[in-house]
Amino acid sequence: MNKTIIAGIGKYVPENVVTNEDLTRVMDTSDAWIQERTGICERRYATRFEETTATIGANAARLAMERAGVEPADIDFIIFATLSPDYFFPGCGVLVQRLLGLKEVGALDVRNQCSGFVYALSIGDQFIKTGMYKNILVIGAEVHSYALDFSTRGRNVSVIFGDGAGAVILQPSPSADRGILSTHLHSDGANAEILSMPNPGFHAGVHNSKWKPPVPEKPYGDMFITQELLDKEDIFPYMDGQAVFKKAVVKMPEVIYEALNQNGYQPSDLTLFVPHQANLRIAQFIQQQLGIKDGQVFNNIQKYGNTTAASVPIALCEAWEEGKIKEGDLVCLAAFGAGFTWGSALIRW
Ligand SMILES: CC(C)(COP(=O)(O)OP(=O)(O)OC[C@H]1O[C@@H](n2cnc3c(N)ncnc32)[C@H](O)[C@@H]1OP(=O)(O)O)[C@@H](O)C(=O)NCCC(=O)NCCS
């Protein structure tokens with residue numbers, strides 16, 4: 001079977017820089033608190049009424065296509081990972097098909113939050129390996145800023161997230177040695193609501209969880225969004241940060257070792273580990289557990305915050321642009337997020 005290479009990679013981050021200091025003007029927080037707990041100094045917010053998840057995803061895709069030397073007519077499948085789609089439906093994949101003038105190819109949206117790009121990469125890898133497609137466009141993009149709670153109540157979530165997009169073009173590898181060596185995907189829905197945005201939604205209050213109480217009973221047609229939810233402003237993302245942190249620092253190393261073990265490698269063999277940019281403290285903890293040097297890990301959360309499905313391709317792209325990834329290098333991607341879902345990919349670049 002063919003291996004899959006990343007033939008081109010691109011990223012796009014909105015111009016609008018929002019510093020920690022800027023956030024102190026709208027909520028009770030501080031630059032010191034945010035930096036100490038998360039490592040984040042600033043993030044980008046999309047330009048309102050101009051940019052959306054689909055448009056910034058398309059921007060990243062254009063660059064990835066240019067770098068891969070492919071034209072719109074060459075793309076034969078689209079995979080779009082996001083938790084912040086422009087529309088509840090249809091997904092962003094078809095919007096990108098329209099924006100980029102792609103052929104009437106398949107377009108798949110992946111709803112796996114922070115691990116969305118690793119999941120999307122794994123799906124694309126299967127289609128290339130079997131020979132079904134030759135040029136797959138994989139995008140991870142998010143616009144969080146349009147729907148965060150910027151009051152003090154929402155500060156534990158709002159200070160973390162930023163907007164951005166990354167994209168890759170997957171192609172069959174020209175050599176048996178190069179390409180994606182393996183991908184590993186996992187989930188555990190036991191505490192799905194621990195990091196979630198249940199409202200508005202179709203859940204009908206059915207999932208009675210200790211993390212989120214069910215909504216009051218409503219007639220058909222009024223169950224998706226209610227006036228009470230709007231009045232209570234219960235329409236924002238919810239996160240128990242400490243619970244997420246505890247699970248992430250166990251599951252990320254586990255899934256990295258799973259990839260290394262399957263391919264007979266040690267952490268010391270890695271040229272570069274590109275973790276999902278959730279929190280600098282999580283990345284540092286994992287680095288310590290793997291026993292790898294600073295030069296073997298790439299972090300850029302300081303500049304962009306957590307861009308969920310976009311974080312891995314943005315970081316991968318930036319590492320590649322800085323010359324930290326070259327042909328033949330061993331690169332590991334790993335992500336953990338809402339669901340919980342997590343995954344890894346090991347790549348001989
Ligand atoms: C979110 C996170 C930074 C919070 O750090 P923490 O040390 O767990 O902080 P806590 O939530 O326990 O809150 C500690 C205090 O800081 C306060 N606080 C929360 N957010 C704050 C903010 N932005 N600014 C100032 N204070 C804040 C809390 O209200 C709390 O105050 P209290 O002690 O008076 O009640 C941390 O839990 C985290 O990063 N978790 C992982 C999140 C993650 O990675 N999510 C994405 C998954 S992919």
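Note that this is a predicted model, so its numbers are computed, not measured. Start at 1 and go down the list; that is how both ligands and their atoms are numbered.
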K.L.:
For ligand 1, which atoms have a heavy atom of Asn306 less than 4.0 angstrom away?
P.N.:
46 (C), 48 (S)

K.L.:
Where on His276 is there a heavy atom closer than 4.0 Å to ligand 1, on the side chain, on the backbone, on both, or on neither?
P.N.:
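Looking at His276 and ligand 1, just side chain atoms fall under 4.0 Å.
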
K.L.:
What is the distance from atom CG of Asp149 to atom OG1 of Thr152, rounded to the nearest 0.5 Å?
P.N.:
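Between atom CG of Asp149 and atom OG1 of Thr152 there are 9.0 Å.
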
K.L.:
What is the distance from atom CD1 of Ile160 to atom CG of Asn306, rounded to the nearest 0.5 Å?
P.N.:
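Rounded to the nearest 0.5 Å, the CD1-CG separation comes out at 7.0 Å.
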
K.L.:
Of all the heavy atoms in Ile160, does at least one lie under 4.0 Å from an atom in ligand 1?
P.N.:
yes

K.L.:
Using a heavy-atom cut-off of under 4.0 Å, does the side chain or the backbone of Leu195 touch ligand 1, or both, or neither?
P.N.:
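Answer for Leu195: side chain.
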
K.L.:
When you check the side-chain N and O atoms of Thr19 and Asp22, is any donor under 3.5 Å from an acceptor?
P.N.:
yes

K.L.:
Under 4.0 Å from any heavy atom of Phe336, which atoms of ligand 1 are there?
P.N.:
48 (S)

K.L.:
Would you verify that at least one protein heavy atom lies under 4.0 Å from atom 11 (O) of ligand 1, or report that none does?
P.N.:
no

K.L.:
Any protein heavy atom at under 4.0 Å, with atom 6 (P) of ligand 1 as the reference point?
P.N.:
yes

K.L.:
Just going by heavy-atom distances, which of Val157, Ile40, Thr29, Thr24 is nearest to atom 24 (N) of ligand 1?
P.N.:
Thr29

K.L.:
Purely on distance, is any nitrogen or oxygen of Gly337 under 3.5 Å from one on ligand 1?
P.N.:
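In this structure, Gly337 places no N or O atom under 3.5 Å from an N or O of ligand 1.
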
K.L.:
Taking non-hydrogen atoms only, is Met27 closer than 4.0 angstrom to ligand 1 via side chain, backbone, both or neither?
P.N.:
neither

K.L.:
Does ligand 1 have a heavy atom under 4.0 Å from the side chain of Asn156, from its backbone, from both, or from neither?
P.N.:
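For Asn156, backbone and side-chain atoms both sit under 4.0 Å from ligand 1.
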
K.L.:
Taking everything shown except Phe224 itself, do over 12 heavy atoms lie less than 6.0 Å from its CZ?
P.N.:
yes

K.L.:
Return yes when at least one protein heavy atom is under 4.0 Å from atom 30 (C) of ligand 1, and no when none is.
P.N.:
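No, there is no protein heavy atom closer to it than 4.0 Å.
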
K.L.:
Hey, are Thr82 and Glu142 close enough side-chain-wise for a donor-acceptor pair under 3.5 Å?
P.N.:
yes

K.L.:
Determine, using ring centers only, whether Phe298 and Phe273 are less than 6.0 Å apart.
P.N.:
no

K.L.:
Establish whether atom 2 (C) of ligand 1 and some protein heavy atom are separated by less than 4.0 angstrom.
P.N.:
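No; the ligand atom in question lacks any protein heavy-atom contact below 4.0 Å.
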
K.L.:
So does Phe89 have more than 12 non-hydrogen atoms from other groups sitting under 6.0 Å from CZ?
P.N.:
no

K.L.:
Considering only protein heavy atoms, which is closest to atom 41 (C) of ligand 1, and at what distance to one decimal place?
P.N.:
Gly241 O, 3.5 Å

K.L.:
By number and element, which atoms of ligand 1 are closer than 4.0 Å to a non-hydrogen atom of Arg37?
P.N.:
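This gives 3 (C), 5 (O), 6 (P), 7 (O), 9 (O), 14 (C) as the contact atoms.
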
K.L.:
Does the side chain of Thr52 pick up a donor-acceptor pair with the side chain of Asp86 at under 3.5 Å?
P.N.:
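Yes, Asp86 and Thr52 have a side-chain donor paired with an acceptor closer than 3.5 Å.
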
K.L.:
I'd like the name of whichever of Phe340, Phe245, Phe161, Trp33 reaches closest to atom 16 (O) of ligand 1 through any heavy atom.
P.N.:
Trp33

K.L.:
Between Arg155 and Asp28 (salt bridge meaning N to carboxylate O under 4.0 Å), is one present in this structure?
P.N.:
yes

K.L.:
Measuring to protein heavy atoms, does anything land under 4.0 Å from atom 44 (O) of ligand 1?
P.N.:
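Answer yes: something from the protein, a heavy atom, is under 4.0 Å.
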
K.L.:
Show the atoms of ligand 1 that are less than 4.0 angstrom away from any heavy atom in Ile282.
P.N.:
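So the answer, numbered in order with elements, is 44 (O).
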
K.L.:
Can you confirm whether some protein heavy atom lies under 4.0 Å from atom 48 (S) of ligand 1, or whether none does?
P.N.:
yes

K.L.:
Are Leu272 and Ile314 connected in a single hydrophobic cluster, I mean Ile/Leu/Val/Met/Phe/Trp/Tyr linked by side-chain heavy atoms less than 4.5 Å apart?
P.N.:
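Ile314 does not cluster with Leu272.
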
K.L.:
Using a strict 4.0 Å cut-off to heavy atoms of Cys114, name the atoms of ligand 1 that fall inside it.
P.N.:
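Per the distance check, 48 (S).
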
K.L.:
As a test of the contact definition, would atom 26 (N) of ligand 1 count as having a protein heavy-atom neighbour under 4.0 Å?
P.N.:
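It does; a protein heavy atom is within 4.0 Å.
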
K.L.:
Have a look at ligand 1 and work out which part of Thr38, if any, has a heavy atom under 4.0 Å from it: side chain, backbone, both or neither.
P.N.:
side chain

K.L.:
Considering the heavy atoms of Ala278, write down every atom of ligand 1 situated less than 4.0 Å from one of them.
P.N.:
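Near Ala278, the atoms of ligand 1 are 44 (O), 48 (S).
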
K.L.:
For atom 38 (C) of ligand 1, what's the nearest protein heavy-atom neighbour? Residue, atom name and distance, please.
P.N.:
Asn279 ND2, 3.5 Å

K.L.:
Is the shortest side-chain N to carboxylate O distance from Lys247 to Asp188 below 4.0 Å?
P.N.:
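A salt bridge links Lys247 with Asp188.
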
K.L.:
Relative to the heavy atoms of Val244, which atoms of ligand 1 are at a distance of less than 4.0 Å?
P.N.:
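Close to Val244: 43 (C), 45 (N), 47 (C).
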
K.L.:
Around atom CZ of Arg111, are there more than 12 heavy atoms from other residues, nucleotides or ligands closer than 6.0 Å?
P.N.:
no

K.L.:
Below the 3.5 angstrom mark, is there an N/O of Arg155, backbone or side chain, next to an N/O of ligand 1?
P.N.:
yes

K.L.:
Judged by modelled atom types alone, do Asn2 and Gln171 share a side-chain donor-acceptor pair under 3.5 Å?
P.N.:
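Side-chain D/A pair, Asn2 to Gln171: absent.
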
K.L.:
Under 4.0 Å from a heavy atom of Val159: give me the atoms of ligand 1 that qualify, with their elements.
P.N.:
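Those qualifying, in numeric order: 23 (N).
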
K.L.:
So, His186 and Glu258: side-chain donor and acceptor under 3.5 Å apart, yes or no?
P.N.:
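The criterion, which ignores hydrogens and geometry beyond distance, is satisfied for Glu258 and His186.
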
K.L.:
Would you tell me whether Ser311 and His276 have side-chain atoms, one donor and one acceptor, within less than 3.5 Å of each other?
P.N.:
yes

